[in-house]
Amino acid sequence: EKEKEKEKEKEPEQAAATAEPEAAATKEPEQAATTEEPTARTQSVVIMYYSLTGNTAHVASLIQHALEPNFAVRLFNLTFGAAGPTSEQVEDILGAIKNATAVGLGGFTWGFHEPSPLRDFIARHVPANSLAGKRCFVFGTAGGDVGKLLSNLASLLSKRGATIVASFWCRAPGNYTCWCPAKGKHQVWGSAERDKATQFGARLRDVLANPKANSVSVWGSVPGVLFGWAVSDSMTSKILGPITVDASKCVHCHKCVQNCPFGALSESDSGITFNAKKCAGCCRCINNCPVNAINSRATAPKTPYLCTPAVFADGKFGIKIVNDEKPADKDDKGDK
């Protein structure tokens, strides 16, 4: 009986001894979780862009997909109608910028420089020093020469305290309808240029993951420096000329009125009215009309730009002109 009593006394000690390793084993994951370094995915990136026909939006989405394995990315399309952004939209963008680790700004080349509505949005709504301490990047698209687009975008961000760590541009089909191919043909994206955007996103992911990334200088091209000062919105408007609306085709969808960045179009009892003094010649109304009811003397013999970029696998130099009646190759379907 005495031996049994001694064994009973030992049982709590043995239980405690066996419980200690088990408790330690259960605590190890908790300790590991508290000491683990935070991943880059907890950091956010804001990408703002201005796009009228979808080219720059396409590049922004490619950069987003390249960054998302490591960063939480939010896209903001700064393409507003003549009424401009609402106060709620501005507050949402500024709130995202405040909490972001990095900020990107993209646009397309318009007369060797950035689109004026994009420049105006940053100037009016993004306060001074709001980008202080943030790593930023600029990107863009151009049908020909990039001009001063990237250098001007970088300047807009730098004036608000940003550190520019990367820049990129690629060739996209020209969407200035006056210079588009003749009717029966249209321009499409090439996979070579599309791949450049994806590769830039991958490089950018590594740059943003490095807190000690160096700043870079962004320069304009030689043609941009030579001609960028001379080309203005009024010049592109003069090339386009007055636009006309075919009342027999118009379906009164109001897309042209709602989406004109300059308020050059309005609707009255007599139909769509065009104000030449407000027009900047961006051709957005012509390119976005679903029934091709809008034209000018310069664009009548041309093919409006397709607003959804198509990607061709054999686009060696980026841009390809195809006939409307020629179907895309079977191998291209998966890339669209």
Side-chain angles (χ1 to χ4, degrees), residues 48-58 60 75-86 89 106-111 114-121 124 141 143 172-188 231-310 324:
M48 301 179 290
Y49 65 89
Y50 186 84
S51 180
L52 292 184
T53 52
N55 284 339
T56 307
H58 187 51
L75 295 181
F76 289 100
N77 187 348
L78 304 183
T79 310
F80 306 104
T86 64
Q89 288 173 319
F108 58 89
T109 299
W110 184 344
E114 75 286 1
S116 56
L118 171 58
R119 178 177 64 247
D120 293 343
F121 177 87
R124 292 175 183 174
T141 57
N175 53 28
Y176 185 55
T177 316
C178 301
W179 297 338
C180 281
K183 283 194 179 298
K185 298 181 179 182
H186 60 267
Q187 303 174 94
V188 294
V231 179
S232 63
D233 293 351
S234 60
M235 181 178 293
T236 55
S237 177
K238 288 178 181 178
I239 295 173
L240 173 65
I243 67 169
T244 58
V245 180
D246 189 337
S248 64
K249 291 183 179 180
C250 180
V251 294
H252 303 283
C253 65
H254 304 110
K255 287 185 177 179
C256 57
V257 176
Q258 295 170 355
N259 294 321
C260 178
F262 306 96
L265 294 165
S266 59
E267 187 170 25
S268 62
D269 295 338
S270 58
I272 302 296
T273 302
F274 171 67
N275 187 332
K277 293 182 179 180
K278 291 184 177 181
C279 178
C282 69
C283 298
R284 190 180 193 195
C285 56
I286 297 172
N287 288 329
N288 286 272
C289 180
V291 293
N292 295 326
I294 305 176
N295 253 314
S296 76
R297 185 174 61 182
T299 62
K302 305 292 184 177
T303 300
Y305 178 71
L306 297 178
C307 297
T308 303
D324 286 340

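Sequential numbering from 1 along the given sequence is applied to the chain's residues. Side chains included, hydrogens not; waters and symmetry mates left out as well; all remaining heavy atoms used.
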*Check side-chain contact (heavy atoms from CB on, under 4.5 Å) between N77 and all other residues, then give those that pass, not counting sequence neighbours.*
Y49, T79
*Looking at SG of C285 and CG of L240, how far apart are the two atoms once the value is rounded to the nearest 0.5 Å?*
7.0 Å
*By ring-ring contact (aromatic ring centres under 6.0 Å, His included), which residues pair with F121, not counting sequence neighbours?*
F80, H125
Let me check something: any side-chain donor-acceptor pairs from residues 275-283 under 3.5 Å, sequence neighbours excluded? List them with distances.
from : atom 1 : to   : atom 2 : distance (Å)
N275 : OD1    : K277 : N      : 3.0

_Less than 4.5 Å apart, side chain to side chain, heavy atoms only: is that true for I294 and I272?_
no
_Set of side-chain hydrogen bond (donor to acceptor under 3.5 Å, both in side chains) partners for E267, sequence neighbours left out_ = H252, H254
*Shortest non-hydrogen contact from S296 to P242?*
CB-O, 3.4 Å
*Could you tell me the separation between the CZ atom of F76 and the CD atom of Q89, rounded to the nearest 0.5 Å?*
10.0 Å
_Heavy-atom closest pair, residues L78 and M48_ = CD1-CB, 3.8 Å
*Minimal non-hydrogen separation, C178 against K302, with atom names*: O-CE, 3.2 Å
*Please name all residues satisfying side-chain contact (heavy atoms from CB on, under 4.5 Å) with P290, sequence neighbours left out, ordered by chain then number.*
C253, K255
*Go through the structure and list residues passing side-chain hydrogen bond (donor to acceptor under 3.5 Å, both in side chains) with D246, not counting sequence neighbours.*
S248
*Can you measure from CG (N259) to SG (C289) and round to the nearest 0.5 angstrom?*
11.5 Å
*To the nearest 0.5 angstrom, please state how far the CG atom of L52 sits from the CZ atom of R284.*
5.0 Å
*What residues form a side-chain hydrogen bond (donor to acceptor under 3.5 Å, both in side chains) with T56, not counting sequence neighbours?*
T141
*asked:* For P115 versus F108, what's the shortest heavy-atom pair and its separation?
replied: CD-O, 3.1 Å
*Identify, with sequence neighbours excluded, every residue that meets side-chain hydrogen bond (donor to acceptor under 3.5 Å, both in side chains) alongside N295.*
T299
_Just verifying a value: how many Å separate C260 SG and F274 CZ, rounded to the nearest 0.5 Å?_
8.5 Å
